[in-house]
Chemist: 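Please read through the structure below; I'll follow up with questions.
In each ligand, atom 1 is the first atom listed, and ligand 1 is the first ligand listed.
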Amino acid sequence: MSKPEKAALMTRVVPYQREEPGSQPTLLYEPYRATIRRVPRNPLVVLPPTLSEVTGPVFGHEEVSDGDGDLTRQHSGEPLGERIVVSGRVLDGNGRPVPHTLVEIWQANAAGRYCHDRDDHPAPLDPNFSGAGRFLTDESGMYRFVTIKPGAYPWKNHSNAWRPAHIHFSLFGNAFATRLVTQMYFPGDPLFAFDPILQSIPDERARQRLIANFDLATTQPEWALGYQFDIVLRGRDATPFEDQRWP
Ligand SMILES: [Fe+2]
């Protein structure tokens with residue numbers, strides 16, 4: 001690409017909306033102890049949007065197969081626990097669907113144990129559950145996973161600390177600027193008030209955006225409860241970014 005062509009492209013770069021104040025986790029939230037170590041020591045630098053931020057990786061269809069969204073059929077037997085369907089739409093900051101975008105999830109099993117070397121808490125592993133899946137959204141931005149409701153699990157953040165049941169989500173969207181790693185929670189969990197990861201998001205409405213809705217239309221008779229969880233990449237209604245990768 002010639003310099004004038006690149007310059008012409010740059011003039012068409014449309015910046016993403018900045019997050020609403022309070023809608024994302026506080027970088028330093030002392031009840032969540034790991035933030036004390038991780039908080040940046042210097043003021044953040046706001047980078048002007050360039051092609052690098054508004055364009056990004058595009059994943060082909062070949063590597064994601066139809067069965068990758070069903071976490072209950074990855075082994076010879078069925079996993080133990082409550083089978084659920086988790087479905088929703090991926091939207092951009094203007095409410096438009098984001099088609100053909102990769103949605104990845106990972107989670108603990110029904111007993112609250114991850115199939116991961118770093119998880120050694122005394123709950124059983126399930127030989128029929130690995131806890132990871134992926135899905136490419138369709139034309140209307142829809143995704144759908146079949147899985148097992150994850151259990152709560154203890155972590156060592158503070159005395160008697162337990163994470164509410166949650167599913168981790170990772171999305172790339174259409175550009176680097178829309179990258180999102182977050183967690184979905186289940187409605188009515190009694191652990192919400194005690195979870196410093198959820199509580200590190202100041203805005204109550206933003207916290208609510210991380211809680212899925214039970215949905216009778218998604219529920220399949222005699223088979224699985226259904227939950228709806230829409231995800232918004234950037235903009236006023238953006239889904240809050242999680243402030244950690246583990247647990
Ligand atoms: Fe987790």
Side-chain angles (χ1 to χ4, degrees), residues 24-27 29-38 68-72 74 79-88 102-135 143 145-172 179-201 206-214 225 227-231 239-247:
Q24 300 293 322
T26 307
L27 292 177
Y29 187 69
E30 291 190 357
Y32 178 18
R33 288 192 339 217
T35 66
I36 299 172
R37 291 196 313 273
R38 279 200 302 255
D68 290 354
D70 189 341
L71 286 71
T72 68
Q74 296 175 341
L80 296 173
E82 180 186 341
R83 190 188 298 114
I84 58 172
V85 175
V86 177
S87 179
L102 182 66
V103 182
E104 297 172 291
I105 64 169
W106 65 99
Q107 62 167 94
N109 68 21
R113 175 91 182 261
Y114 282 98
C115 181
H116 191 285
D117 290 345
R118 286 179 59 187
D119 189 349
D120 56 2
H121 104 267
L125 284 169
D126 184 339
N128 290 313
F129 192 71
S130 300
R134 56 190 187 162
F135 200 98
Y143 71 86
F145 289 103
V146 179
T147 185
I148 295 293
K149 188 174 182 184
Y153 58 81
W155 60 313
K156 296 180 172 61
N157 182 74
H158 56 277
S159 173
N160 207 9
W162 292 78
R163 296 294 330 280
H166 59 275
I167 297 178
H168 294 264
F169 274 73
S170 166
L171 294 94
F172 285 86
R179 180 88 169 96
L180 176 69
V181 182
T182 192
Q183 299 180 19
M184 184 205 94
Y185 298 89
F186 293 85
D189 196 313
L191 291 169
F192 287 156
F194 309 102
D195 183 46
I197 292 182
L198 181 62
Q199 297 301 329
S200 70
I201 301 165
R207 290 199 295 272
Q208 291 296 323
R209 292 202 287 273
L210 294 181
I211 303 170
N213 293 310
F214 169 70
L225 293 185
Y227 293 89
Q228 278 284 317
F229 182 58
D230 289 343
I231 299 165
T239 303
F241 209 105
E242 76 168 21
D243 189 30
Q244 49 94 54
R245 295 296 171 90
W246 181 268

Chemist: F135: what forms a side-chain contact (heavy atoms from CB on, under 4.5 Å) with it, not counting sequence neighbours?
Modeler: Y143, R144, F145
Chemist: Do H168 and Y114 meet the criterion of a side-chain donor-acceptor pair at a distance under 3.5 Å?
Modeler: yes
Chemist: Which single N/O/S atom of H168 lies at minimum distance from the Fe ion (ligand 1)?
Modeler: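 Of the nitrogen, oxygen and sulfur atoms in H168, the Fe ion (ligand 1) lies nearest to NE2.
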Chemist: From Y153, does some N, O or S atom reach closer than 2.8 Å to the Fe ion (ligand 1)?
Modeler: yes
Chemist: I need the NE2(H166)-the Fe ion (ligand 1)-OH(Y114) angle, rounded to 10 degrees.
Modeler: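 Centred on the Fe ion (ligand 1), the NE2/OH angle is 110° (to 10°).
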Chemist: Within a strict 4.5 Å, meaning less than it, do heavy atoms of the Y32 and P25 side chains meet?
Modeler: no
Chemist: E82: which residues meet the side chain to side chain donor-acceptor pair (under 3.5 Å) condition with it, sequence neighbours left out?
Modeler: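 If we apply the side chain to side chain donor-acceptor pair (under 3.5 Å) test to E82, skipping adjacent residues, there are no hits.
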